[in-house]
Amino acid sequence: MKILGISGSLRENSSNTTLLKIIQAIPDPEVEFEIYRGLGGLPFFSPELDDGDASDPVRELRAKLAGCDGIIISTPEYAFGMPGVLKNALDWAVSSGEFDKKPVAALSASPTSAGGDKAHASLLLVLSALGADVVGEASFPIPAVYKRISKTGEIVDPAIVGLLSGVLSGLARAIKSGRE
Ligand SMILES: Cc1cc2nc3c(=O)[nH]c(=O)nc-3n(C[C@H](O)[C@H](O)[C@H](O)COP(=O)(O)O)c2cc1C
């Protein structure tokens, strides 16, 4: 099964991107895991731009969303919400509908003890507007992320690998049960 990872952070040493890289490194012969890298190259969403032919970055995003069986989003919290670049990407998927009934795991990592819970809540709300099948057991905020990984991306607390394995297996179960 194909799973697409989307990090809400453009930062080079992003903790959210690191979490996706850890998931990517989990050996699972059934899973092909790709991390989408085009978030920063998308134009700002406007319905007028959506009326005609979509630009190449938008077509690439839509093709990747349509071509996968499930999605894992990991997002930071900026000013109590998800980053604008992530919301912008999700806005591009409203009219094209790739999230509809697609199993999605939603994570939000933050250095704080609240774990980006407000960004997480706003992400869940937007995913519900998109009709996504959010997998509850694979969706949660991750507080105090720098107690689990270092600022340069090394694993500090090995339990994070087990936690993220659970995200991957929970999402995979939801994908399989949707196929039955
Ligand atoms: C402009 C800005 C606003 C932020 N606002 C919040 C916030 O509201 N809540 C929070 O938990 N962290 C906030 N942070 C801290 C981020 O959680 C932290 O920088 C995190 O490491 C970003 O994720 P990343 O490592 O994936 O880039 C903010 C950071 C920046 C730069």
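Along the sequence shown, residues carry numbers from 1. Atoms within a ligand are numbered from 1 in the order they appear, just like the ligands themselves.
Near ligand 1, residues Ser9, Arg11, Ser14, Ser15, Asn16, Pro76, Glu77, Tyr78, Ala79, Phe80, Ser110, Pro111, Thr112, Tyr146 come within 4.0 angstrom through at least one heavy atom.
Taking 4.5 Å as the limit, every side-chain heavy atom of Ile71 sits out of range of all side-chain heavy atoms of Ile3. Counting heavy atoms from C-beta on, the side chains of Arg11 and Pro76 never come closer than 4.5 Å. Contact check for Ile23 versus Leu19: no side-chain heavy atoms found under the 4.5 Å cut-off. Looking at heavy atoms from C-beta onward, Val126 lies in side-chain contact with Lys87 at the 4.5 angstrom threshold.
Side-chain contact annotation: Asp50 with Ser95, donor-acceptor N/O pair under 3.5 Å present.
Counting non-hydrogen atoms of neighbouring residues, nucleotides and ligands closer than 6.0 angstrom, the CZ atom of Phe80 reaches no more than 12 such neighbours.
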